[in-house]
Amino acid sequence: GTPTDDDKVILPGSDIIDFDVASDGKTIYAIGTWFDSCESETWAEEYGPDDLFSGYHHPKLWKSVDGGITWKDQTSKVLDAKNLPDLPDWATGNDAEDFTIFTAVSVAPDDPKFVVVTGWGYDTSADPGDNYVPVVVGSNDGASKFNYMGCSTVTGMITCIDVSMEVDDVHSIALGTWDWETESDDMG
C-alpha cells in the first residue's frame, strides 16, 4: 500500500520518492512529498503540484512496522531534528526552509531502528547558487527522534544514501550527490 494518513486509503497528492525495507521485512521507511491542493485552489491552479517551493508542498517521512499495511507520519520528527541548522525563513515564516525537500532514506541492514534521511534546506540569504544546503539527519530509535549529522564537506544535492551494518559500534554512511550547478553551467 501507498503511505497514507488513514489506513488503506491513498493520500491524495502524495508522491513517494524513495523507500527502504529493514531486514525484519516488516519495518519500511518511505519519503516523499505531499501537495495539499485543498489549501488553496488559486495556488494549485496557478502553480500546480510540481512547485516544490510553495507553502502547500510538504516533505514527508512515513514509517510502517507491519510490512506496509498501515503507516505513521514521522515528518515532524525529522523537521525537529536536534541541531538542525536554522536557515533564514523566506516566505512562510516557518521552519520549512531548514529541511525543504527529503531526497533519500536508508535503514541499517542489521537494525530496523537505525534510519537516515537526506535532503536539503534553502537559504535565501546566501549568494545565488549557494542557496541549497545539504542536510543529513539520523535516528537510532526508530524515527522517534532525529539528530542532524552535519555534512559540511558534501557538495551538490544528495541523491542517494546507504547505511552499513554496525561494525565496532559504528554504522558507516555513504552518500551519492549530483552537482547540478556545475552540470547546468557546462550545458549553457
Side-chain angles (χ1 to χ4, degrees), residues 1-41 43-44 47-87 89 91-108 111-122 133-149 157-163 173:
T2 300
T4 173
D5 286 345
D6 300 312
D7 292 349
K8 301 178 184 169
V9 177
I10 296 174
L11 180 64
S14 64
D15 293 310
I16 305 307
I17 294 171
D18 192 19
F19 68 94
D20 202 7
V21 181
S23 60
D24 66 6
K26 295 178 183 180
T27 306
I28 305 170
Y29 296 93
I31 59 164
T33 60
W34 174 55
F35 179 76
D36 187 355
S37 59
C38 297
E39 288 188 36
S40 169
E41 289 183 33
W43 189 277
Y47 297 99
D50 294 330
D51 185 1
L52 299 177
F53 298 103
S54 80
Y56 309 107
H57 203 110
H58 309 280
K60 291 297 227 176
L61 169 68
W62 294 280
K63 177 185 178 183
S64 176
V65 293
D66 56 15
I69 296 170
T70 60
W71 295 87
K72 184 175 181 183
D73 186 348
Q74 297 294 101
T75 308
S76 65
K77 306 298 184 182
V78 176
L79 296 177
D80 291 338
K82 186 176 181 182
N83 298 320
L84 192 64
D86 187 18
L87 300 175
D89 302 335
T92 60
N94 61 35
D95 292 333
E97 291 75 27
D98 299 344
F99 207 165
T100 307
I101 298 293
F102 301 163
T103 58
V105 63
S106 185
V107 60
D111 184 355
K113 292 183 176 184
F114 192 97
V115 61
V116 179
V117 177
T118 68
W120 48 270
Y122 190 78
V133 178
V135 178
V136 179
V137 298
S139 173
N140 62 3
D141 65 1
S144 292
K145 291 183 278 183
F146 282 85
N147 289 295
Y148 175 67
M149 300 174 81
M157 289 189 176
I158 301 168
T159 58
C160 60
I161 185 171
D162 205 1
V163 177
I173 299 170

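Values in this document were obtained by computation on a predicted structure and should not be read as measured data.
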Under the side chain to side chain contact (heavy atoms under 4.5 Å, CB included) rule, what do Phe114 and Val116 come out as? Steps first, then yes or no, please.
CA-CA 7 Å; Phe114 192 97; Val116 179; 3.9 Å; yes
Can you tell me how far OG of Ser139 sits from NZ of Lys145, rounded to the nearest 0.5 angstrom?
8.5 Å
Roughly how far, to the nearest 0.5 Å, is OG1 of Thr118 from CE of Met149?
11.0 Å
Spacing of Asp141 atom CG and Asp111 atom CG [to the nearest 0.5 Å]
10.0 Å
Using modelled atom types only, decide if a donor and an acceptor are shared between the side chain of Lys63 and the backbone of Trp71 within a distance under 3.5 Å.
no
Would you check if Lys26 and Val65 make a side-chain contact, meaning some heavy-atom pair closer than 4.5 Å?
no
Any Val78 side-chain heavy atom under 4.5 Å of Phe146 side chain
yes
Are the side chains of Lys60 and Asp73 in contact, using a 4.5 Å heavy-atom criterion?
yes
Could you tell me if the side chain of Val135 sits less than 4.5 Å from the side chain of Phe102, heavy atoms only?
no
For a side chain to side chain contact (heavy atoms under 4.5 Å, CB included) with Leu61, tell me which candidate from Val115, Leu79, Ile31 qualifies.
Ile31
Considering non-hydrogen atoms only, spot the tightest contact between Ile28 and Gly68 and give its length.
CD1-N, 3.7 Å
Heavy-atom closest pair, residues Lys77 and Ser144
CD-O, 3.1 Å
Could you go step by step and tell me if Met157 and Trp120 meet the side chain to side chain contact (heavy atoms under 4.5 Å, CB included) rule?
CA-CA 7 Å; Met157 289 189 176; Trp120 48 270; 3.8 Å; yes
Flag side-chain contact, heavy atom, 4.5 Å: Tyr29 against Val117
no
Are the side chains of Thr103 and Asp18 in touch, meaning some heavy atoms are under 4.5 Å apart?
no
Given side chains that start at C-beta, do those of Val21 and Thr27 come closer than 4.5 Å, heavy atoms only?
no
Kindly determine whether Ile173 and Asp162 satisfy side chain to side chain contact (heavy atoms under 4.5 Å, CB included), including the steps that lead there.
CA-CA 6 Å; Ile173 299 170; Asp162 205 1; over 6 Å; no
Taking every non-hydrogen atom, the tightest pair across Gly119 and Ile158:
O-CD1, 4.2 Å
Checking Asp80 against Ser76: is there a side-chain donor and acceptor pair closer than 3.5 Å?
no
Ile161 to Ala104 - nearest heavy-atom pair and separation
CG2-CB, 3.7 Å
If you take all heavy atoms of Ala81 and Val137, which pair is closest and at what distance?
CB-CG1, 3.7 Å
Taking all atoms of both residues into account, what is the closest heavy-atom pair of Asp66 and Thr70, and its distance?
OD2-OG1, 2.6 Å
Can you confirm whether Asp24 sits close enough to Pro112 that some side-chain heavy atom of one is under 4.5 Å from a side-chain heavy atom of the other?
yes
